[in-house]
Amino acid sequence: MNDFIVGNLVVQARRLLGSLYAPRLAPFLGLWPPALSRHRAAPAAVPVMRYLSAVKESAPAFSAAFVTAFVEAAPTLEWCRSYTVKEVSEKFMDNYGWTDLLGQSGSAPDERLACGVLLLGPDVYYPPHQHEAEEMYVPLSGTAQWSQGGRDLQQRAPGSMIHYLPHEIHDMQTGNEPLLAMYLWRSNNLEQRVRLTRSSDAHGLSTDTR
């Protein structure tokens with residue numbers, strides 16, 4: 001059942017991204033596999049899933065169908081966290097999680113493109129981090145502040161596109177509501193680890209979250 005559900009979510013994700021008619025998405029969508037092979041992933045839960053009903057209720061029209069399907073399927077998915085409490089904080093770990101739909105760790109495998117969903121609780125600061133993969137975020141529900149290219153945090157609404165180049169340091173801050181965002185990674189090494197930046201960031205905030 002899990003592989004059918006995830007396959008349907010991947011199809012819906014592609015449809016949603018295509019509906020945005022965004023040239024910046026073209027290099028990512030050009031790698032989208034024409035046919036999906038699937039493998040069964042064991043479900044794994046994380047505490048931040050407690051906000052799934054809230055993001056479903058606040059999803060705008062453009063993403064409502066996907067968010068509804070995603071929330072219904074969420075308990076069958078393999079949720080992950082990239083860090084440890086020692087690296088970040090217990091509060092952050094309790095309010096953070098992601099799941100790949102397409103990619104090496106997703107139920108729809110691919111070698112160069114990953115597509116999945118990030119969920120953050122309210123009032124959470126995701127500290128500066130970087131990775132080799134080129135990344136695109138599309139917020140689906142909830143408004144948060146995002147940094148890009150060393151600039152100050154800026155509020156971005158659902159439907160925005162936040163594009164990060166390889167190795168570009170970025171961070172984000174949620175407000176009074178949780179955030180659900182779709183992400184795309186483009187790389188020949190999808191198994192790479194995200195690296196936290198420990199020095200003071202461009203906003204003058206300490207990134208030592210221990």
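Side chains included, hydrogens not; waters and symmetry mates left out as well; all remaining heavy atoms used.
A salt bridge links K91 with D123: the distance from a Lys NZ or Arg NE/NH1/NH2 to an Asp or Glu carboxylate oxygen falls below 4.0 Å.
The side chain to side chain donor-acceptor pair (under 3.5 Å) contacts involving residues 180-189 comprise D100-Y183, E132-S187, E134-R186, E135-W185, S187-Q192, where partners must be two or more places apart or lie in separate chains.
At a threshold of 4.5 Å between non-hydrogen side-chain atoms, the residues V48 and P178 do not count as touching. Residues D152 and S147 form no side-chain contact, since every pair of their non-hydrogen atoms from C-beta on lies 4.5 Å or further apart. No side-chain heavy atom of T99 sits under 4.5 Å from any side-chain heavy atom of L119. Side-chain atoms of V71 and S53, non-hydrogen and from C-beta on, never get closer than 4.5 Å to each other. Proximity of L17 to F66: side-chain heavy atoms (C-beta onward) are nowhere separated by under 4.5 Å. Under the 4.5 Å side-chain criterion, counting only non-hydrogen atoms from C-beta, R50 is in contact with N95. Within the 4.5 Å cutoff, the side chain of P23 has no heavy atoms near those of the M161 side chain.
Atom CG in L153 sits 11.0 Å away from atom CH2 in W146 (nearest 0.5 Å). Here NZ of K56 is found 13.0 Å from OG of S63. Values are rounded to the nearest 0.5 Å. Between the CD atom of Q173 and the OH atom of Y125 there is a distance of 8.0 Å, given to the nearest 0.5 Å. Rounded to the nearest 0.5 angstrom, Y96 OH and S82 OG are separated by 3.0 Å. Distance CG/L9 to OG1/T76: 7.5 Å, rounded to 0.5 Å. Distance check, rounded to the nearest 0.5 Å: CG of L52 to CD of E72 gives 11.0 Å.
Side-chain atoms of T68 never come within 3.5 Å of backbone atoms of A65 as a donor-acceptor pair (strictly under, hydrogens ignored). A donor-acceptor contact shorter than 3.5 Å is absent between the side chain of E90 and the backbone of V85. In this structure a side-chain-to-backbone donor-acceptor pair under 3.5 Å is missing from S58 to S141.
Between H131 and H129, the ring planes are tilted. Angles from 30° to 60° get that label.
The two atoms that bring A42 and E78 nearest to each other are O-CB, 3.4 Å, heavy atoms only. Residues E168 and L165 share a closest heavy-atom pair of OE1-N, 2.9 Å. Taking every heavy atom of both residues into account, P60 and P158 meet most closely at CG-CB, 3.8 Å. Of all heavy-atom pairs spanning E87 and L196, the tightest one is O-CD1, 3.7 Å. Pairing each heavy atom of R81 with each of P47, the nearest pair is NH1-CD, 3.7 Å. The two residues P128 and D171 make their nearest non-hydrogen contact at N-CB, 3.6 Å.
Ring centroids of Y126 and F92 are separated by less than 6.0 Å, placing the two rings close together. Aromatic pair F70/W79: centroids less than 6.0 angstrom apart.
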task: Begin with the C-alpha distance, continue with both residues' side-chain angles, and end with the deciding distance and a verdict on side-chain contact (heavy atoms from CB on, under 4.5 Å) for V124 and L179.
output: CA-CA 10 Å; V124 170; L179 170 74; over 6 Å; no
- prompt: Which is it for L102 and L184 under the side-chain contact (heavy atoms from CB on, under 4.5 Å) test, yes or no, and what are the steps along the way?
  reply: CA-CA 9 Å; L102 177 71; L184 293 159; over 6 Å; no
field: CA sep, side-chain torsions, deciding dist, call: Y137, R156, side-chain contact (heavy atoms from CB on, under 4.5 Å)
entry: CA-CA 11 Å; Y137 272 111; R156 306 296 294 271; over 6 Å; no
- prompt: Run the side-chain contact (heavy atoms from CB on, under 4.5 Å) check on Y51 and L120 step by step: do they pass?
  reply: CA-CA 8 Å; Y51 291 113; L120 291 178; over 6 Å; no
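Connection of V194 to I162 is established within a shared hydrophobic cluster, with ILVMFWY side chains joined at heavy-atom distances below 4.5 Å, either directly or through further cluster members. Residues W32 and L20 are members of one and the same hydrophobic cluster, defined by side-chain heavy-atom contacts under 4.5 angstrom among Ile, Leu, Val, Met, Phe, Trp and Tyr.
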